[in-house]
Amino acid sequence: MRVGIFKFSSCDGCQLSFINLSGELAELENFSIDYFLEGQSVNNYEYFDFSFVEGSVSTTEEIERIKDIRERSKVLVGIGACAVSGGVQSIRNFRNIDDIKTVYNTVDITKNVLENALPISQVVKVDFEIRGCPVSTDVVKDFINSILIGKSPHNYNYPVCLECKRRGNICLLVLNKPCLGPITTAGCNALCPSVNRGCYGCFGPYKDANIEAFYNLFKEKGWGIRDFIENSLNPYNHLFVEKLWKQNL
Amino acid sequence: MEAKPLTRVEGEGTLKLILKDDLVQDVVLNIFEPPRFFESILKGKRFEVIPDITARICGICPVAYQMSGIQAVESVFNVKVSKEVEDLRRLFYYGEWIHSHAIHVFFMHLPDFLGLSSFFEFLKLNPDLSKKALFIKQTGRKILEVIGGRDVHPVTVCVGGFTHFPKDEEIKSLIPSLEKSYDYSLEILDFLSTLNFPQHLLPEDILFVSLKEEDHYPILKGKIYLSTGVGLDKDEFLKYFYEFEKPHSTAKYSKTKDGKTYIVGPIARFNNSFDNLTENSKKIALKYGVKPVERNMSKTIIVRVIEILDSIERSIELINLYQKNSLKNEKYEVSEGEGTGVSEAPRGILWHYYKINSNGLIEKANIIPPTSQNQSVMEELLRKNLTNKELKDESTLISYGEYIVRDFDPCISCATHFLKIDKLNLDNR
Ligand code: SF4
Ligand code: SF4
Ligand code: SF4
């Protein structure tokens, strides 16, 4: 199996899972990392059975690059919130791009910058997505193991709450602390609630999340949902947040 | 002309060789990245997001961003955390140093000394030592997980302290791996001492800039110290240094206001604070042939391992003192104002500035990461070593350039760029 690991606009945190797994990956017989700029200096950019892509598409150059990678890849996997939904840089999608660009005085520097930071799925077809900011190394490991034995990867389409209950945590909502666990995709093993912090949604909402119930809960508790989402979930899944704002719930 | 990407660095970027008659005339370090505009996107958000959002500037040193960031907010609100909280932050930060340095030493830098393409190859060549290397890295990761919940973008840092304090036994259970990692690091040094160190010499008049802490090697806070003997308060950073842009780099450059090039990072810390290493670390440094003033950048691989050893020793001290029930978060009230924070990221000083309004919203942010501070010297060193070299064999020249770049452990993600190798041939113009 020929594998490529690619970086777009991102922090490198998701690629780190491959560094974390290097000992195990080196022992796999049928797993050759052909392309991984962060990890090796000899790279072979030809054809890939599996391409793992970190980062969002945020410049004109990146649009071309992701298209080319798509053409060379049998299966393309987006890893992490940046790839899946635009990530932290997509906060700018809600803002005026000219204001955003004031970080630089030299206009030339930002001329290729897209107004919006895009999830790769808005540019090319994506076969699998692994959630998280960052993805969990264990989840990546399971994913690789599954594909190697031809099994379909575990589907995390259920809320963090399930993992939280399994860990035996006292629910933060009961303690009157806001928590996005009920609508957030599992996979982190309920990390935040286990360290006394409300989930801030870094794995993004799961597909069948019951948003209305969640809204009602926030209303009941008298918590400002807009403010909470603006300062939590927003960087990790702007697509969803956009939808919420449109629905004007 | 054909463009080749620079490899084994965190992030991506370009090195441009300007050629005439196949001789290198000049070198430009071209970092043109997809800018991620952190300072802009923070505006209007609540101060609480600072540790979450700024961590995402770099997945390899998120704790550095959290530490500089939270200290800046605490200085706006006039919060002084207890010594116990500070010690836990220090231990947390040592975890990141061990983890990040291990990644750089083994995955990025070491293959250059051995003529290998990657650590994956080293794994095959020397499974015993590479497993030990991975063990050291994993030990750093464990500290991060126990204190911060996870290694990348930990979740427990908050104004006044932490959302959660680990149990005594969780913290104490880190000791055996730390002890083992200490021994393994010594073995690694033995191995490194058999290698050849090319002379990648910094200019004689280079300024070393790092923090100074009183009783130990700098990591969490302190005065900004210049090797000329000047010590600055964190609020004075912009009085002495300035950032500037070059047209083709989205990573900014910095120099001192009087135009001097300076360097931050392990070599600056080592040269400025050698005396503050532990007695053991000092002896080991001398034994393995590094002492101040060290100017050979290829030796930073040794300096990083010394910093790993020092971090391990200090971590064990802190763990022995740890008592969960002595920890308490400092209370605070949101108030408007400005504040700065600075700490020693694995790659060097990382400075944050925020202006926060009375509702707790961020009005202004400025973040100066180590890589942009080192960009000038990195470029100078490349120029010095590559100018007038003949382009007989392109790939050798490129590897040589990359080798020098890797001496710096540039965290290109800190500036989030895309760097390619580019050749400009003056003959063809
Ligand atoms: S998803 Fe998060 S951890 Fe992964 S690359 Fe993006 S910012 Fe980094
Ligand atoms: S604490 Fe959060 S994640 Fe856990 S059960 Fe309650 S709502 Fe769900
Ligand atoms: S924010 Fe939510 S999804 Fe992210 S690690 Fe915390 S609990 Fe898990």
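Each chain gets a letter, A, B and so on, in the order the sequences are listed, and its residues count up from 1.
- For a residue to count as touching a neighbouring chain, one of its non-hydrogen atoms must lie under 4.5 Å from one of that chain's; by this rule A:Pro134 touches chain B with backbone and side chain alike.
- Heavy-atom pairs under 4.5 Å with chain A peak, among B:Arg150, B:His153, B:Lys124, at B:Arg150.
- For A:Leu16, the part lying near chain B is the side chain, with the backbone staying farther off; criterion is any non-hydrogen pair under 4.5 Å.
- Between atom CZ of residue B:Arg36 and atom CZ of residue A:Arg92 there is a gap of 10.0 Å, rounded to the nearest 0.5 Å.
- Proximity to chain B involves both the backbone and the side chain of A:Asn20, based on heavy atoms less than 4.5 angstrom apart.
- With a 4.5 angstrom heavy-atom cutoff, A:Ser90 does not touch chain B via any of its atoms.
- Taking CG of B:Leu42 as the reference point, atom CD1 of A:Ile91 lies at 7.0 Å (rounded to 0.5 Å).
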message: Set out, in order, the CA-CA distance, both residues' side-chain angles and the distance that settles side chain to side chain contact (heavy atoms under 4.5 Å, CB included) for A:Asn234 and B:Lys45, then state yes or no.
response: CA-CA 11 Å; A:Asn234 180 323; B:Lys45 300 248 176 219; 3.7 Å; yes

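- The two residues B:Gly149 and A:Leu191 make their nearest non-hydrogen contact at O-CD1, 3.1 Å.
- Distance check: B:Phe119 CZ to A:Gln40 CD gives 13.0 Å after rounding to the nearest 0.5 Å.
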- request: Would you please test B:Val49 and A:Tyr200 for side chain to side chain contact (heavy atoms under 4.5 Å, CB included) and show each step?
  value: CA-CA 10 Å; B:Val49 307; A:Tyr200 60 97; over 6 Å; no

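- With A:Arg197 contributing its side chain and B:Val155 its backbone, the two residues share a donor-acceptor pair below 3.5 Å.
- Nearest heavy atoms, A:Ser22 versus B:Phe107: OG-CZ, 3.3 Å.
- Summarising the geometry, atom CD1 belonging to B:Ile53 is positioned 11.0 Å from atom CD belonging to A:Gln89; distances are rounded to the nearest 0.5 Å.
- Of residues 157-167 of chain B, those residues with a non-hydrogen atom less than 4.5 Å from any non-hydrogen atom of chain A are, in numerical order, B:Thr163, B:His164.
- Counting only distance, with no hydrogens or angles, the side chain of B:Arg56 and the backbone of A:Cys133 share a donor-acceptor pair below 3.5 Å.
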message: With side chain to side chain contact (heavy atoms under 4.5 Å, CB included) as the criterion, how do A:Ser41 and B:Arg406 come out once you've worked through the C-alpha distance, each side chain's angles and the decisive distance to 0.1 Å?
response: CA-CA 12 Å; A:Ser41 52; B:Arg406 290 187 201 111; 4.1 Å; yes

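- The minimum heavy-atom distance linking A:Glu38 with B:Ile60 is given by the pair OE2-CD1, 4.2 Å.
- For a residue to count as touching a neighbouring chain, one of its non-hydrogen atoms must lie under 4.5 Å from one of that chain's; by this rule A:Tyr236 touches chain B with the side chain only.
- With a threshold of 4.5 angstrom between heavy atoms, A:Ile33 approaches chain B through side-chain atoms but not through N, CA, C or O.
- The environment of CD1 in A:Ile170 is sparse: at most 12 heavy-atom neighbours from other residues, nucleotides or ligands sit within 6.0 Å.
- Among A:Val42, A:Thr137, A:Asn43, the residue making the largest number of heavy-atom pairs under 4.5 Å with chain B is A:Val42.
- The minimum heavy-atom distance linking B:Ser118 with A:Gly39 is given by the pair CB-O, 3.2 Å.
- Every side-chain contact (heavy atoms from CB on, under 4.5 Å) that A:Glu115 has, sequence neighbours left out, goes to A:Ile97.
- Shown here for B:Leu123 and A:Ala26, the closest heavy-atom pair between the two residues is CD1-CB, 3.7 Å.
- With a threshold of 4.5 angstrom between heavy atoms, B:Ile41 approaches chain A through its backbone and through its side chain.
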field: A:Ile19 vs B:Phe106, side chain to side chain contact (heavy atoms under 4.5 Å, CB included): CA-CA, chis, key distance, verdict
entry: CA-CA 11 Å; A:Ile19 300 259; B:Phe106 304 119; over 6 Å; no

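- Separation of atoms CG (B:Leu361) and CG (A:Asp227) is listed at 7.5 Å; rounding is to 0.5 Å.
- Residue contact with chain A, scored on non-hydrogen atoms closer than 4.5 Å, involves the side chain of B:Asp151 exclusively.
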